[in-house]
Amino acid sequence: MTGQGYNAPPMTGQAETARPDASQSAASGHQLILAIVQDEDAGPVIEALTGEGFRATRINTVGGFLRKGNATILVGVERDRLHRALLIIRDNCETRTEYFVPTAPGEVGEPYPLDPIQVQVGGATVFVLDCERFERL
Ligand code: 2BA
């Protein structure tokens, strides 16, 4: 599989234009969306996707920076339905503010907290991969 990541909003059709030869390289005609979303948004995203006939799988994951639970949603789509699936994901994910408390090593070895850092999380971090082969065995 090959692919490239991009943040879902705004919907500019980047996935379609970033690699003009993408249709040739995706032999199966399918693409795999890998969307990392916040826990709170995962249910609505899955519901909206399945409600429109997409098949989706949720994996419970943890973000490397905040170390907070999030969800990775896999969606195998035919190329002509990719754009619709991405719109659904975008429309069901919110941007939220979270706080990360960094620590510094203390004199007796115990880390002590520094000032919290504010980070904007989401909507969704989305990777679209060309799917070489898709089969249901
Ligand atoms: P986390 O790694 O827990 O990151 C949560 C948020 O913290 C990020 O939101 C970003 O605003 C901030 N952040 C992450 N790394 C940072 C850093 N080194 N310095 C300062 N701020 C940082 P999002 O960008 O919306 O990412 C949400 C989640 O999506 C991430 O959770 C991670 O699980 C995943 N993710 C984002 N970019 C990724 C990538 N390039 N590859 C794999 N996973 C990614």
Side-chain angles (χ1 to χ4, degrees):
M1 281 191 190
T2 57
Q4 58 197 119
Y6 71 99
N7 280 314
M11 189 61 69
T12 58
Q14 281 165 296
E16 304 295 329
T17 56
R19 291 187 44 200
D21 65 338
S23 59
Q24 270 79 47
S25 61
S28 70
H30 282 74
Q31 292 188 295
L32 181 65
I33 300 172
L34 211 154
I36 303 163
V37 307
Q38 293 168 80
D39 260 343
E40 300 90 322
D41 297 328
V45 168
I46 295 265
E47 217 165 289
L49 285 169
T50 54
E52 292 201 25
F54 291 101
R55 294 173 189 228
T57 298
R58 171 184 174 158
I59 305 171
N60 292 330
T61 44
V62 175
F65 187 69
L66 291 177
R67 313 284 165 90
K68 188 180 171 212
N70 57 22
T72 299
I73 297 175
L74 310 181
V75 195
V77 294
E78 287 170 15
R79 193 176 172 72
D80 58 358
R81 298 199 72 204
L82 172 67
H83 188 71
R84 181 63 200 147
L86 293 174
L87 278 175
I88 292 172
I89 294 167
R90 186 193 67 178
D91 290 350
N92 286 279
C93 289
E94 282 177 34
T95 300
R96 297 184 181 85
T97 301
E98 297 279 347
Y99 293 89
F100 169 72
V101 181
T103 55
E107 279 177 18
V108 287
E110 279 295 301
Y112 68 90
L114 301 173
D115 288 342
I117 297 170
Q118 184 177 300
V119 290
Q120 300 292 316
V121 187
T125 298
V126 176
F127 299 86
V128 179
L129 298 103
D130 290 334
C131 194
E132 207 166 280
R133 188 164 162 173
F134 167 74
E135 287 180 48
R136 299 180 70 211
L137 302 174

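All ligand and atom numbering here is 1-based and tracks the order in the structure.
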Q: What do you reckon, does F100 put a non-hydrogen atom under 4.0 Å from ligand 1?
A: no
Q: Working to the nearest 0.5 angstrom, can you tell me the gap between I59 CD1 and N70 CG?
A: 11.0 Å
Q: Tell me the closest heavy-atom pair linking V101 and P113, and the distance in Å.
A: CG1-CB, 3.7 Å
Q: On a heavy-atom basis, which atom in C93 and which in V45 lie closest, and how many Å separate them?
A: SG-CG2, 3.7 Å
Q: Taking a cutoff of less than 4.0 Å between a non-hydrogen atom of the residue and any ligand atom, is K68 in contact with ligand 1?
A: no
Q: My understanding is that we take every heavy atom of each candidate and find the minimum distance to atom 28 (C) of ligand 1. Doing that for T61, V62, N70, which one comes out nearest?
A: N70
Q: Under 4.0 Å from a heavy atom of Q120: give me the atoms of ligand 1 that qualify, with their elements.
A: 9 (O), 10 (C), 11 (O)
Q: My understanding is that we take every heavy atom of each candidate and find the minimum distance to atom 25 (O) of ligand 1. Doing that for G63, G69, G122, which one comes out nearest?
A: G122
Q: Using distance alone, determine whether F65 and ligand 1 share an N or O pair under 3.5 Å.
A: yes
Q: Flag the pair R133 and E135 as a salt bridge only when some basic side-chain nitrogen lies within less than 4.0 angstrom of an acidic carboxylate oxygen.
A: yes
Q: Is G64 close to ligand 1, meaning an N/O of one under 3.5 Å from an N/O of the other?
A: yes
Q: Does a donor on one side chain sit under 3.5 Å from an acceptor on the other, for T97 and Q120?
A: yes
Q: Please identify which atoms of ligand 1 are closer than 4.0 Å to at least one heavy atom of L66.
A: 1 (P), 3 (O), 5 (C)
Q: Determine whether a donor-acceptor pair (N or O, by modelled atom type, separation under 3.5 Å) exists between the side chain of Q38 and the backbone of V121.
A: yes
